[in-house]
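Keep in mind that the numbers below use all heavy atoms, side chains included, and drop hydrogens, waters and symmetry copies.
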2 protein chains.
Amino acid sequence: MTDWITDTPSLSALSPASKARLGALQPMALPRGAVIYRPGDDVTGFPVILSGRIEVFLTGAGGRELLLYAVEPGQTCVQTTLGLLGGDASYSAEALCATESRAIVIPRPVFLSLMDSDPAFRQLVFTAFAERMGGMIQLMERVSFQSVECRLAAFLCNRAEGGRVQATQSEIAAQIGTAREVVSRRLDAFARRGWVHTERGAVEIIDAASLRRLALAEGL
Amino acid sequence: MTDWITDTPSLSALSPASKARLGALQPMALPRGAVIYRPGDDVTGFPVILSGRIEVFLTGAGGRELLLYAVEPGQTCVQTTLGLLGGDASYSAEALCATESRAIVIPRPVFLSLMDSDPAFRQLVFTAFAERMGGMIQLMERVSFQSVECRLAAFLCNRAEGGRVQATQSEIAAQIGTAREVVSRRLDAFARRGWVHTERGAVEIIDAASLRRLALAEGL
DNA sequence: GCGCTGTCTGTGACAAGGTCACCTTCACTC
DNA sequence: GAGTGAAGGTGACCTTGTCACAGACAGCGC
């Protein structure tokens, strides 16, 4: 019944007392596409994701989207940590289930008490926070200093499974923070160079080496 | 001799034991323009700024710069927290003194021990971290979804002192994350509308209301 | 004063990217 | 087999970033 605690590496270091408190919580199942929260929602608890993948997006005025970060098992959501510890108690971004997922939600009072009493829990939250911040700074660097072509190539390399990337052009655009039309044109350019082959809802990678070279061309 | 502890609001909540340990540290004076760290430097301690203002910039390949955040008295540097707690122990950004400043540097072992022993110190570091993260997300939003014109207007409104902003166009460009030439052209457009008057090294605000209206036009 | 020097600013030309409008293609359903 | 909605392609246009270069200005030494 509470085997999810031992199954989740980042939780196994917690003190027995903490585990006992968490053991009372029920994991919940989330289908793909489920909305975890929207901008303006109140932060009521601290989610810990046990399996699956949650993606957190920023949405601009024109509906354009930008992937801020993804939350995978053992990681935590900064937006939430921020809401529970800092001033603002509402979200400024939107979180969606990228795959079917399971998660528990630690209620705010329990979270705050664990933060005070369990150094391991603190460590968990803090390092997650630090890693996320580092990721945000890198994202900043990519978004403001790298070309779309470069970001697209990097995305295709990272997301390729068996030489294919399963994603619509709109999805790709949101992941790298550009407009769908731009993705369409860039992919077309790649295809003309013989690097990829595009199809509806997917991109087939033909020349991964060239893509990787381009991805690395403009610094990290 | 250790009056800077009581003079700095955020430090006054610390436990007496923590204060005693910090009391042994010597504040250091930093002239305007001093480099606190550069990308790649090792993180050796945790700076707490007592007076003045430190600005942290990201630098792109072409030399273009972007202000990530500013550190003012009582605030802390995320880049450093990140280095001391997370994986990476080196900086990815550059920090400069925007004004003459005083600061102490808490050595890494002292920092880690304070984090474990003093809840008030933890609270201080954590809320600073949370606020900074919130700021970073907002910055992300502005940089990727707002027009330069809008960001420039907002900058002029925020930085105006007595109806003037004392800064070169290069400095303004770095603060809002664009190129100098673009600032030149946008300021020129503002001037033609009669909103500002530009001079060497400064901008005089004539119609603050119009600027503010524009700054708020594209969402927060 | 006079010229030198480095910084600050203006500008034209061009490339890259974002926005808008509209159309085609495709998968699915009834 | 027509209808529907999502996905993808394309041209026009504007904003932004980049490059190259020139003019303006302040400070300095003479």
Would you indicate what [X] reaches in the nucleic acid, counting non-hydrogen atoms under 4.0 angstrom: base, sugar-phosphate, or nothing?
X	result
A/Arg64	sugar-phosphate
B/Glu199	sugar-phosphate
B/Gly62	nothing

Rounding to a whole Å, what distance do you find between [X]:[atom1] and [N]:[atom2]?
X	N	atom1	atom2	answer
B/Arg185	D/dT18	CZ	P	12 Å
A/Glu218	D/dT18	CD	P	10 Å
B/Arg142	D/dT16	CZ	P	16 Å
A/Leu152	C/dA16	CG	P	15 Å
A/Ile172	D/dA7	CD1	P	12 Å
A/Phe145	D/dT18	CZ	C1'	14 Å
B/Gln146	C/dG18	CD	C1'	15 Å
B/Arg180	D/dG23	CZ	C1'	12 Å

Counting side-chain heavy atoms from CB outward, which of D/dG17, C/dG17, C/dT19 is closest to A/Ala179?
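Of all the options, the side chain of A/Ala179 is nearest to C/dT19.
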Quick one: which of C/dT9, D/dT18, D/dA7 gets closest to the side chain of A/Thr168?
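Side chain of A/Thr168 sits closest to D/dA7.
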A/Glu72 CD: over 12 foreign heavy atoms closer than 6.0 Å:
yes
Atom CD of A/Glu204: over 12 foreign heavy atoms under 6.0 Å
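Yes - once you tally the heavy atoms of other residues, nucleotides and ligands closer than 6.0 Å, there are more than 12.
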Look up atom CE in B/Met136 and atom CD in B/Glu141, then write down how far apart they are to the nearest 0.5 Å.
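If I round to the nearest 0.5 Å, the distance is 13.0 Å.
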Please confirm whether the shortest side-chain N or O distance from [X] to OP1 or OP2 of [N] is below 4.0 Å.
X	N	result
A/Gln169	D/dG9	yes
B/Thr178	D/dG17	yes
B/Ser184	C/dG10	yes

Mapping A/Glu181 and A/Arg200 onto DNA chain D by nearest heavy atom, which one lands closer to the 5' end?
A/Arg200
Please check: side-chain N/O of B/Thr81 versus main-chain N/O of B/Cys77, any donor-acceptor pairing under 3.5 Å?
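Yes: the side chain of B/Thr81 pairs with the backbone of B/Cys77.
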For a side-chain contact (heavy atoms from CB on, under 4.5 Å) with A/Ser210, tell me which candidate from A/Asp207, A/Leu214, A/Ile206 qualifies.
A/Asp207
